[in-house]
Amino acid sequence: MTDLNIDSLTMRFSGLVALDKVSFTVKENEIFSLIGPNGSGKTTLFNCINGFNKPQNGTINFCGNDLLNKKTYRIIRSGISRTFQNVQNIPFMTVLDNILLGANSRIDTLGTLKRLVSRDQRKIEESMALEIMDFLGIANYEQKFMMGQPFGIQKLAEIARALVSKPKLILLDEPAAGMNDQETREIANIIRDIRDELGVTVLLVEHDMNLVMSISDQICVLESGKVIALGEPQIIKDDPKVIESYLGEPLNA
Amino acid sequence: MKDRYEHENLYWIPILIIFVFLLPVILKGVTFSYKYYLFVLNLAGIYIILNVGLDLLSGFTGLVSLGHAAFLAVGAYTSAIMVDQLGVPFSLSLIFSPIIVGIFGFIIGFPALRISGMYLGLTTMGFGFIVKRIIISFRDWTQGSAGLEVSSPVLFGYTIKSDWDNYYLIYTFVIIAIVIGRRIATSKIGRSFMAIRDSEQAAEASGINLSQYKMLAFFISGLFAGFAGVLFAHTSSFISTDHFDILLSIYFIIMVLVGGASSIYGAVLGSLFIVLLDNLFVPLIEDQIQLIFNTQAGDIQSLIFGLIMFLFIIFQPMGLYGMWLKMRIYWKLFPFNPRQRFT
Amino acid sequence: MKKIIGVLIVIGLFGPGCVKRAPSPGITDSEILIGNVQDLSGPMKELGAIIPNGSNMYFKYINDQGGVNGRSIKMLIEDHQYNPQKAVAATKKLIEKDQVFCMFQVIGTSPCEAIRPILAETGTPLIAPATNSGTMSDLTKQAGDLIFHTDTGYDRQAEILVDYIIGKNSDAKIGLVYQDDDYGQNVLLGISRVELKYGVTVQKESYQRGAVDFKGQTMNLLKGGLTDVIIAGIVREPVVIMKTAEAMNFKPNFYGTGPTIDARVGKMAGSAGEGFTATYWAYMWNSDEAGPKLYRELCEKYDIPQPYIGLYHYYGFATAMLLVEGLSRAGKNPTRNSLVKGLESFDEWKSNTFPPITYSRNDHAGVDKVKLVQMQNGEQVVISDWLE
C-alpha cells in the first residue's frame, strides 16, 4: 500500500493554471519520471506533494494518508523526502552535518536531550549519515565544509540528506542537471541502486531524456499543467503527442 | 565504520580547563594588580556566556537580536529582586531566573515568525527600550534609574565576595556554557538552526518546524542571557539601567561577529578579544593617540571599535575562529599548497 | 611549547601592571597618585574636561611649590560616560591596577553610588565627589565613613529654595521638574520635608535623563497655575523648559538646583532665562574673596584657555584645595587611614573658596548652606547672603 495516488490535482496561481486535473499513481518500488517542457508544472507538483504549495482541488494520498492536510515539516515523517532543483545545502556546515540535517525526523526529543550530556548520541547520529555516505561514495568528504565543494558532490550530498531520513518515497528534482555524461551515468546507477538496494520508490523530474528513458518504469508527460501521456518508456517514446510537443523527433535511445 | 574520535586531538580541552582554573594563581604570581585583571576577565566571562547564547540565535539561526542587553537586564533584575526582596536562595535563582528570561525571549521571538534580518533587529531593539522603561517605572522593586544594589551570591553557605571567588564561580559556568553551547551546536538543534538561516526550504523539507525552532532559538538564547544576567547582577553588586542600553547590545553583536558568527569558540574568542581590548589594550595606546589627536577617551574607544569591525568584515568575514582554523590547516599542510584546502 | 608561548603572552600582557608595592598604595617618595573618574564622552562631557582641569591647575601650583610634604600630586582620570557600571570598572582599574592612594571628585550621583562597594572593600577614601546629592554624606550607607562630601545636598538646596519662595510670597504655588534618578530622588526628599513643614503641595513633573522635549511637563505646570517653578536639571533642561514656557506665555519665577548654576543656562535661555535663580554652595569665582582671587591669578599664570575659566573650573580648583589640605594633615607618611583622620580634623577650615568646612567622625557633610545667584541682564548676580 505504499502507493502515491494523485487525483485530479489543480493548482492555480492567481489565474495561471499551473496544474490542471493531474492524476496518476506511483506504485511501490518504481522509478516514476515526470517530464515536460519548462513551466509545465513539474516542480509545482513536487511542491504540492511536499506541502510548499497548497492546491485548490484534488487529493494527494500516500500510504492511505492524505498529504494535503499536513504541514510541510510533517511530510518527511510520512516517508517522503525530496531534493531541490537548485541545490539547497547549508554552506557553512560540513558535508556530514548537512546530511545529518535529513536525519532530524529519526532523532526524537529524548535523543536530542541525550546529546547534551553524552557524546555517544553524536556517534549514533553520525553512523546514520556515514551509512548513506558510503552508499553514495562520498564518505571522504564528511569533514569538509559544503561551501566550495564541487557541484556533483553537493548534488549527491543533497540526495544523501533526503535518503538518511529512511523515506519510502524520494522526490528527485533534476538530479542530473548541469552534469556531464559520465556523471549522468553515475546518477542513473545511483537512482537504480536507491530503488533496488534501499527499496525506495523514486519520483523523478529530469530533462535528460536518455537518463529518463533508460531507468524509468513509468513516465508521465506534463504540458501546461495537463497530463498528455502516461505509460512505460516505450509507449511514451512513440506517442505522437509527446513527440510533437516535447521530444521534437523520435529518440533513438 | 572507522572510529573517528581516535584521530581527533582532544587532549587540549582538559589542559585548557586546568589553565583557566590556574590563571588567577598565575596572575597573582606575576602581578599584584591581579584583582583588576580578574575583574576584567569576570566581565569577559559573563559576556562569553551571553554571547554563546546570542551566537546560537543570531549566528546560527540568523535571527539578529539587538535586544540582548535587555535580556541581560531582565536576568539581572529578576535575580536581584528574587534574592534580595523575595528571599529566594541564590542557587534557586540560578535556575529560575534563566527560565524566566527564556520565557521572556520566547515572547520576544514571536515577531521573528514573520520578519527577519534588519527588521527583526529593529524590533528587538524596540523591546530593549521597552524593557528599560518598564524597569524604570517599577520603581518599588527596581529603584528606577537610580540603580539597584545587589547582594553577593551565597552558594552552599559560602558567600562569594571577592573578584577571586567570582572568577571561579563565573568560569565554572563559562565552561559549562561552552560545553552545552557546543553540544547544542552539534546536535539536531544546532543543525536545524543553521538550516533555518541558510535555507528555510531545505529545513522544512527536512522536517524542521520553522516556527518551533525559531522560538526555541529565542528561548535557548534567553536561558544563556539569563545565566549571564544572574551572574552579572550578583558579582557586580550594583546594576543600573544605564548599563543595559542599545550600545551594549551592539557590542554583543560585534563580539559575535568579530569572533566568527556561527561558531561557539568564535563567540568565546570574540568576547575575550573585545573585552580585553576595551579594558587593557585601548588604555595603553590611548595616551599615545591623544598626543597626536586632541580627542577624549570615549571617542578613541568608538574609533577603535569601528576600525576593528571594518577591518574584520573586509579581511576576515569568518572572524577570529575562522582565522584560527585557516592557520591550523595551513601549518598542518604547510608545504603542500595550503591555500586550496580551505575554500 | 604552545603553553609556554601562552604563558609568555600572558606575562607580556599583564607585565606592565607589575610594580613594587609601596608602603601605602599610590604613595612613593616623590609622588602621591590619586584617581578620578569623570564623564569624558557621555552626557556631561563638557564638565568632565573642565572640572579636573581646574584641579590640575591647583595641583600644579602646589607641585611647583614642592608638593605636599615633598611629594607631588599626580591625578589619573578615567572615563565612565555617566554609566555606573563603567564607573565601577574604571574605579577598579584605578584602585587595583594603578594603585591610587585615594579617589577624588568622581562625578555623578549614580556612579558614586555604584562604586561604594569597591571603596568599602579596599578602604579607599573618596574625597569631594562631584555631586550635590545629600546621600553622599549619609554615614549609615556603605563606605559612608570613607566619603567626604563638600557640597550642600540637593535636599537641602530644595528646602532652602522653598523656604525662600514662601518667605517672599506666602501664597506661592510651587512646581518641581526633576530628573528621574538619584538626583531627582534626593531633591524629592527635601521637597517632601518642606511640604510637611509648610503644609503645601508641590506639583511634581519628572523627565528622563537625556530628554530634549519638555512640552508635556511645561503644559502641566501651566495648567497648575504656578507662580514658582524649581527645576532640578543639569544645563539643557532648564534652558528648554524656560524657552518652552516663554513660548506658551507662561511666566512663573524659575529656580534651579545643583548643576543649573552653570552660567550657560542664562546665556542659552536668553530673554527667557532672565531672573532665573539658582543655588550655589561656594563663593562665586569672580567675587572678591581671597580664594577666587587666587584662582584668577593662577588662571593667568598657567595660561588657562578662556572657555575653561568659570564656575566649574573654579569648582575643580576649590575641591583640589580641600584634598591638598587633607593630604597635608595626613602626616609625613600618609596612609588611607591617616587621610581620613586628617580630613576629620577639619574644624571651621577656611579655604576662602568654600564657606568654612567642618568634618568630624560623625559628620562628613561639608557645606550645608547656599547663596542664591540670579540672572540679571545676562550676568550672574549674587542676590542673597548664606542661607541655611
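Just so it is clear, the values below take in all heavy atoms, side chains as well, and ignore hydrogens, waters and symmetry mates. Chain identifiers are assigned alphabetically (A, B, ...) following the order of the sequence lines, protein sequences preceding nucleic acid strands; residue numbering begins at 1 within each chain. Bear in mind the structure is a predicted one, so any value in this text is a computation, not a measurement.
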Out of [options], which one racks up the most heavy-atom pairs below 4.5 Å with chain A?
| options | answer |
| --- | --- |
| Arg182(B), Arg183(B), Gln212(B) | Arg183(B) |
| Leu210(B), Ile184(B), Asp198(B) | Asp198(B) |
| Gly190(B), Ser192(B), Ser206(B) | Ser206(B) |

Query - Distance flag, aromatic centroids of Phe218(B) and Phe110(B), threshold under 6.0 Å - result: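 Ring centroids of Phe110(B) and Phe218(B) are no less than 6.0 Å from each other.
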Query raised in the report: Given the side-chain rings of Phe104(B) and Phe71(B), with only the six-membered ring counted for Trp, is the space between their centroids under 6.0 Å?
Result: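 Close enough - the centres of the two rings lie under 6.0 Å apart.
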Query raised in the report: In a check of side-chain contact (heavy atoms from CB on, under 4.5 Å) between Pro175(A) and each of Asp208(A), Thr83(A), Ile191(A), which one passes?
Result: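 It is Ile191(A), the one option of Asp208(A), Thr83(A), Ile191(A) that forms the side-chain contact (heavy atoms from CB on, under 4.5 Å) with Pro175(A).
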Query raised in the report: Looking at Ile99(B), Val101(B), Ile100(B), which hits side-chain contact (heavy atoms from CB on, under 4.5 Å) with Ile103(B)?
Result: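 When side-chain contact (heavy atoms from CB on, under 4.5 Å) is applied between Ile103(B) and each of Ile99(B), Val101(B), Ile100(B), only Ile99(B) qualifies.
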Report task. Could you look at Arg77(A) and say if it's the side chain, the backbone, both or neither that has a heavy atom under 4.5 Å from chain B? Result ->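 It is the side chain, since no backbone atom gets that close.
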Query raised in the report: In terms of heavy-atom proximity below 4.5 Å to chain B, should Ile75(A) be classed as side chain, backbone, both, or neither?
Result: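 The answer is neither part of Ile75(A).
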Query raised in the report: Would you say the side chains of Ser221(B) and His68(B) form a donor-acceptor pair under 3.5 Å?
Result: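 Side chains of Ser221(B) and His68(B): pair found under 3.5 Å.
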Among the listed options [options], the residue most often paired with chain B at heavy-atom distances under 4.5 Å:
| options | value |
| --- | --- |
| Lys71(A), Glu125(A), Glu158(A) | Glu125(A) |
| Pro91(A), Gly102(A), Gly111(A), Ser165(A) | Pro91(A) |
| Met93(A), Arg82(A), Gln149(A) | Met93(A) |
| Asn89(A), Thr72(A), Asn50(A), Asn104(A) | Asn104(A) |

Query raised in the report: Given side chains that start at C-beta, do those of Ile170(A) and Leu198(A) come closer than 4.5 Å, heavy atoms only?
Result: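 Counting from C-beta outward, Ile170(A) and Leu198(A) never come under 4.5 Å.
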**Report entry** Pairing residues for Phe273(B) by the ring-ring contact (aromatic ring centres under 6.0 Å, His included) criterion, not counting sequence neighbours
**Finding:**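 Expected list: none.
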